[in-house]
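Everything on this sheet refers to the single structure shown next.
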Amino acid sequence: MPPTRAAAAALLLVCTVSTLACTRRDAPPREPQRETAVSTPPGAAPDSFLVALTTSRGPVAVVVHRSWAPHGVDRLYALVHAGFYDGARFFRVVRGFVVQFGLPADPQLGRSWSSQLIPDDPVRHPNRRGTVAFASAGPNTRTTQLFVNLADNLRLDALGFAPIGQVVEGLEVADGLYGQYGERPSQDSIRLQGDAYLKRAYPNLDQIRTARVVGEWR
């Protein structure tokens with residue numbers, strides 16, 4: 001007996017959802033789209049600097065180079081000095097792809113930076129394993145979210161994701177971050193409720209306890 005029209009529609013919906021689920025795993029590290037004006041980063045960073053992350057899983061050190069992506073590096077320098085990442089969770093962990101973070105524990109702090117968009121930088125270094133770059137929602141939309149490449153993700157180069165630095169210590173820590181939740185944590189809920197939402201709904205996510213600039217080269 002041929003399927004009814006309702007049954008056929010239901011089958012089509014299941015197939016569509018299945019297809020999206022299969023392709024979502026390697027979705028680029030995007031932020032939700034915003035409609036806000038581009039702003040100038042507050043102050044120039046040194047030529048290079050070292051950021052030490054103390055995480056719930058262990059220490060991670062990132063060397064950042066302004067020549068790689070000056071607009072992005074200036075913003076990271078300002079954010080770290082403002083204590084922006086202290087207490088932030090690694091809310092997106094996709095094994096063999098990326099780990100993403102940069103929505104703060106305090107939603108009020110997030111709101112103060114979310115409208116300050118970063119102008120794009122050209123991609124001057126490839127998205128190889130261990131490099132760090134800003135997530136985005138399209139041209140000129142970077143704000144605060146970062147990701148660490150857990151593999152050579154060279155296809156991200158053509159999509160405009162410009163690395164700003166490289167993990168020089170603790171890449172195995174990034175590999176070992178809690179990833180059982182995958183991409184389930186809602187960015188919108190984190191943005192509205194901060195760490196209270198993640199503690200309640202995703203309590204096992206690893207956390208950045210502190211992020212500090214511990215060395216500079218000019």
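Nothing fancy with the numbering, it's 1 onward along the sequence.
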Leu146-Trp68 co-clustered via ILVMFWY side chain contacts under 4.5 Å:
no
Check whether the side chains of Glu216 and Tyr77 place a donor and an acceptor atom closer than 3.5 Å, and report yes or no.
yes
Answer yes or no: is there a side-chain heavy-atom contact under 4.5 Å between Phe49 and Arg66?
no
Side chains of Gln187 and Arg92: any donor to acceptor distance under 3.5 Å?
no
Distance (rounded to the nearest 0.5 Å) between Leu192 CG and Tyr197 OH:
10.5 Å
Do Arg212 and Asp86 come close enough that some side-chain heavy atom pair is under 4.5 Å?
yes
Nearest 0.5 Å please: distance from the CZ atom of Arg200 over to the OG atom of Ser189.
8.0 Å
Could you list all the salt bridge (charged side-chain N to carboxylate O under 4.0 Å, His left out) pairs where at least one residue sits in residues 143-159, not counting sequence neighbours?
Arg128-Asp152
Check whether Asp120 reaches the backbone of Pro139 with its side chain - one donor and one acceptor, N or O, closer than 3.5 Å.
no
Following the transitive rule for hydrophobic clusters with a side-chain heavy-atom cut-off under 4.5 Å over Ile, Leu, Val, Met, Phe, Trp and Tyr, establish whether Val73 and Val213 coincide in one cluster.
yes
Excluding Leu154, membership of its hydrophobic cluster (Ile, Leu, Val, Met, Phe, Trp, Tyr; side-chain heavy atoms within less than 4.5 Å) reads none
Could you go through Arg75 and Gln116, starting from their C-alpha distance and side-chain angles, then the distance that decides it, and tell me whether this counts as side-chain contact (heavy atoms from CB on, under 4.5 Å)?
CA-CA 10 Å; Arg75 174 57 55 83; Gln116 302 181 43; 3.7 Å; yes
Are Ser186 and Phe91 packed together at the side-chain level, in the sense that at least one heavy-atom pair is separated by less than 4.5 angstrom?
no
Would a 4.5 Å heavy-atom cut-off, applied to side chains only, mark Leu76 and Val64 as touching?
yes
Would you check if there is a donor-acceptor pair between the side chains of Thr131 and Asn149 at a distance under 3.5 Å?
yes
For residues Asp206 and Ser56, report the shortest heavy-atom separation together with the two atoms involved.
OD1-OG, 2.8 Å
Taking C-beta and beyond as the side chain, do Val214 and Val51 meet within less than 4.5 Å on heavy atoms?
no
Going by atom type alone, with no hydrogens or angles, which donor-acceptor pairs under 3.5 Å involve a side-chain atom of residues 161-178 and a protein atom two or more places apart or on another chain?
from: Gln166; atom 1: NE2; to: Arg129; atom 2: O; distance (Å): 3.4
from: Asp175; atom 1: OD1; to: Arg129; atom 2: NH1; distance (Å): 3.1
from: Asp175; atom 1: OD2; to: Arg129; atom 2: NH2; distance (Å): 2.7

Between Ile208 and Trp113, is there shared hydrophobic-cluster membership here, with clusters defined by ILVMFWY side-chain heavy atoms closer than 4.5 Å?
yes
Indicate whether the side chain of Thr143 and that of Ser114 have a donor and an acceptor atom separated by less than 3.5 Å.
no
In the structure I gave you, are the side-chain heavy atoms of Phe90 and Thr55 within less than 4.5 Å of one another anywhere?
yes
All heavy atoms of Val80 vs all of Ala211, minimum pair found to be CG1-O, 3.5 Å
Under 3.5 Å, is there a donor-acceptor pair between the side chain of Tyr85 and the main chain of Phe101?
no
Determine whether a donor-acceptor pair (N or O, by modelled atom type, separation under 3.5 Å) exists between the side chain of Ser136 and the backbone of Arg142.
no
Do Tyr181 and Leu103 sit in one hydrophobic cluster, given that two such residues count as connected whenever their side-chain heavy atoms are within less than 4.5 Å of each other, even indirectly?
yes
If only atom types and distance count, is the side chain of Gln145 paired as donor or acceptor with the main-chain N or O of Gly102 below 3.5 Å?
no
For Pro107 against Gln193, the heavy-atom pair lying closest together
CG-C, 3.9 Å
Is there side-chain contact between Gln180 and Asn204, with at least one heavy-atom pair below 4.5 Å?
no
Heavy-atom check, side chain of Leu198 versus side chain of Pro185, under 4.5 Å
yes
Shortest non-hydrogen pair, Phe84 vs Pro104, comes out as CZ-CD, 3.5 Å
Please check if Val148 and Val123 belong to a single hydrophobic cluster, counting links between Ile, Leu, Val, Met, Phe, Trp and Tyr side chain heavy atoms closer than 4.5 Å.
no
List the steps, then state whether side-chain contact (heavy atoms from CB on, under 4.5 Å) holds for Leu156 with Phe147.
CA-CA 12 Å; Leu156 298 181; Phe147 64 92; 3.9 Å; yes
Closest non-hydrogen atoms of Ala61 and Leu50, given as atom of the first, atom of the second and distance, are CB-CD1, 4.0 Å
Heavy-atom donor-acceptor pair, Arg89 side chain to Asp195 backbone, under 3.5 Å
no
Do any N or O atoms from the side chain of Asn153 and from the backbone of Phe97 form a donor-acceptor pair under 3.5 angstrom?
yes
If you look at every heavy atom in Arg95 and Gly179, which pair is closest and at what distance?
NH2-N, 3.3 Å
